[in-house]
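Report on one structure; see the data block that follows.
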Amino acid sequence: MNETFSKLGFYPADILLPREADMEKWAVVACDQFTSEPEYWERVEKNVGDAPSTLRLILPEAELKAPDVEQKIGRINAAMDDYLDKDIFKTLKESLVYIERSQSDGKIRHGLIGMIDLDAYDFTPGSGALIRATEGTVLERIPPRAKVRRNAALELPHVMLLIDDPDKTVIEPLTAEAGGMEKLYDFDLMENGGHIKGFKLTDKQVEAVAQSLSGLCTDEAMQKKYGVSGVAPLLFAVGDGNHSLATAKACWEEQKGKNPLARYALVEVVNNHDDALQFEPIHRVLFGVEPKTFLDEFKKFYPGAHEGRGEGHVIGVVYEGYKGEWTVPNPKVQLAVGTLQAFIDDFLKSHGGEVDYIHGDDVTRELGSKPGNMGFLLPAMGKEQLFKTVMADGVLPRKTFSMGHAQDKRYYIEARKIK
């Protein structure tokens, strides 16, 4: 194995792909999408039918609280063993995969699939690890996800890591070379997910990636990008799948000394400067709340908060019969999402109700307008703020941003053995 990778916490992996499959039925969207739209997953189930599919290998988060969740997890583990026993997969030994993903807006996002060393990743705020979380990790969200991974034979990644590569030295050179690479797949994704192509890197290209990644974490690079010197370099920031990666880390800590395969996690790496990469806000919808009570308490929590757009943090609010904006003047945190989340956490503790994190303005308005619900629309964060904020402040408020629309999220295609 290339020694350069050992200093990066990132490696080529033994990547599994189906030998023969209807790839449109094989690939399904990340499990943490469409959690409040069961009809989406019902359509996927109908579409897949009895065909081999990653749907059988993942648990949609909409089902995490299902009364028969333990049985569902058992079926997933059994399906993994069955697919391995039937030799459904071929193995790409110590490989990196370059992908081109056509999104719903017509733009093409470029990615690189490999594995990271979980010992080089830390989700603790203020960590100096090479691989860091971008948002606060909710520890209570890890155990239910760990139940899925703990006895799983395979992992399928929806984790997306970002690199801060303004000169486009790592992934972008592969775009021009794709025509000479081994094409692994090329197909449309179900449910308006766009199109995806995958290519296997040559040994020479793998070496070039290692050298370019090394250049991103030198002290010179830290000075140029962030104006700091002599600090622990930040190479990868988690863009999507924060809790999925934190779960992989927790399971590795449990299995250290017993299962060396669990030390690594398959990820997709994307350049934060990719032209197709857009940061979308993640909105909030509350269920089982009384809007007047919420807003009365909101004004007590933030004296000076008022209806209408003003100076400060502006948050869109929708509930049955109402659509407007509220402003919190003189906010104490950098982002409007931090202002809102602090109050939501406090309110739900004392008044009950539940919160869901929603991708998309229209869905937020639709759900928020139903009786007993409230929807909150937040402004987008500029992606240029991400690495500088993580370097300076540690982590962002949880669920601050999403990279693109729900249908543009990662679809499960590649897998890797983890036991």
Side-chain angles (χ1 to χ4, degrees), residues 9 30-33 35-36 58-66 69-70 72-73 116-152 155 157-162 232 234 236-259 262-267 282 284-287 333-335 337-358 386 389-390 393-402 418:
C31 65
D32 59 346
Q33 301 304 305
T35 54
S36 294
I58 61 110
L59 180 68
E61 293 204 358
E63 300 178 5
L64 268 180
K65 296 181 180 179
V69 67
E70 299 291 345
K72 290 178 184 290
I73 293 171
I116 62 161
D117 183 349
L118 291 166
D119 279 342
Y121 158 70
D122 190 350
F123 56 75
T124 306
S127 163
L130 274 169
I131 307 164
R132 305 180 202 173
T134 50
E135 65 177 20
T137 302
V138 185
L139 297 180
E140 56 265 30
R141 293 186 66 190
I142 294 177
R145 289 155 181 79
K147 287 182 180 180
V148 180
R149 187 180 179 94
R150 189 171 287 120
N151 296 310
E155 65 167 358
H158 72 262
V159 176
M160 192 183 290
L161 300 186
L162 299 178
L234 168 60
F236 299 105
V238 183
D240 257 350
N242 182 63
H243 286 89
S244 178
L245 196 57
T247 299
K249 173 80 168 182
C251 288
W252 163 235
E253 293 296 333
E254 290 177 4
Q255 298 175 36
K256 273 188 177 180
K258 305 172 188 174
N259 179 14
R263 176 173 171 172
Y264 303 94
L266 210 56
V267 300
I282 300 180
R284 274 68 172 150
V285 172
L286 297 185
F287 302 87
V333 295
Q334 293 295 312
L335 302 171
V337 61
T339 293
L340 177 64
Q341 192 65 49
F343 175 67
I344 285 178
D345 290 344
D346 183 82
F347 181 84
L348 294 182
K349 283 180 183 176
S350 55
H351 291 79
E354 294 187 0
V355 61
D356 197 5
Y357 302 92
I358 304 297
L386 179 64
T389 303
V390 173
D393 299 337
V395 295
L396 302 164
R398 71 179 182 275
K399 297 290 185 181
T400 294
F401 69 94
S402 171
I418 55 173

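What you see is a predicted model; the values in this text were computed from it and never measured.
Between the side chain of Lys249 and the main chain of Leu118, a donor-acceptor pair closer than 3.5 Å is present. At least one donor-acceptor pair closer than 3.5 Å links the side chain of Ser350 to the backbone N or O of Phe347. Judged by distance alone, the side chain of Arg145 and the main-chain N or O of Arg141 form a donor-acceptor pair under 3.5 Å. Proximity of a side-chain donor or acceptor of Arg132 to a complementary backbone N or O of Ser127 within less than 3.5 Å is detected. Not a single donor-acceptor pair under 3.5 Å links the side chain of His243 to the backbone N or O of Ile142.
Minimum heavy-atom separation, Gly9 to Ala120: CA-CB, 4.0 Å. In plain terms, the two heavy atoms of Leu59 and Cys31 that are nearest each other are O-CB, 3.4 Å. Shortest non-hydrogen contact noted between Ala246 and Thr137 is CB-CG2, 3.9 Å. The minimum heavy-atom distance between Gln255 and Ala262, with the atom names listed, is OE1-CB, 3.6 Å. Asp117 approaches Tyr264 most closely through the heavy-atom pair CA-CD2, 3.7 Å. Of all heavy-atom pairs spanning Ile358 and Ser36, the tightest one is CD1-OG, 4.0 Å.
Under the 3.5 Å distance criterion, with hydrogens and angles disregarded, no donor-acceptor pair is assigned to the side chains of Thr134 and Asn242. Using a 3.5 Å distance cut-off with no hydrogens or angles, the side chains of Asn259 and Trp252 do not pair a donor with an acceptor. A side-chain donor-acceptor contact under 3.5 Å links Arg284 and Gln341.
The CD1 atom of Ile131 lies 10.0 Å from the CG atom of Leu234; values are rounded to the nearest 0.5 Å. The line from CD of Glu155 to OG of Ser244 is 8.0 Å long, rounded to the nearest 0.5 Å. Rounded to the nearest 0.5 angstrom, Lys399 NZ and Asp32 CG are separated by 5.5 Å. Expressed to the nearest 0.5 Å, how far NE2 of His351 lies from CG of Asp346 amounts to 9.0 Å. The CG atom of Leu266 lies 11.0 Å from the CG atom of Leu245; values are rounded to the nearest 0.5 Å. From Leu348, atom CG reaches atom CZ of Phe287 across 11.5 Å, with rounding to the nearest 0.5 Å.
Ile282 has its side chain out of reach of Thr400: every pair of non-hydrogen atoms, C-beta onward, lies at least 4.5 Å apart. Side chains of Val285 and Val355 form no contact here, defined as non-hydrogen atoms less than 4.5 Å apart. Here the side chains of Val238 and Tyr121 are in contact, with some heavy-atom distance below 4.5 Å. In this structure, the side chains of Val337 and Thr339 stay at 4.5 Å or more apart for every pair of heavy atoms. Two residues are said to be in side-chain contact when any heavy atoms from C-beta on lie closer than 4.5 Å; Asp122 and Leu130 fail this criterion. Taking 4.5 Å as the limit, some side-chain heavy atom of Leu286 sits within range of a side-chain heavy atom of Ile344. Residues Asp240 and Phe401 are not in side-chain contact: their nearest non-hydrogen atoms beyond the backbone lie 4.5 Å or more apart. In this structure the side chain of Glu70 reaches within 4.5 angstrom of the side chain of Lys147, judged on heavy atoms.
Counting heavy atoms of neighbouring residues, nucleotides and ligands inside a 6.0 Å radius, atom CD of Glu354 does not exceed 12 of them.
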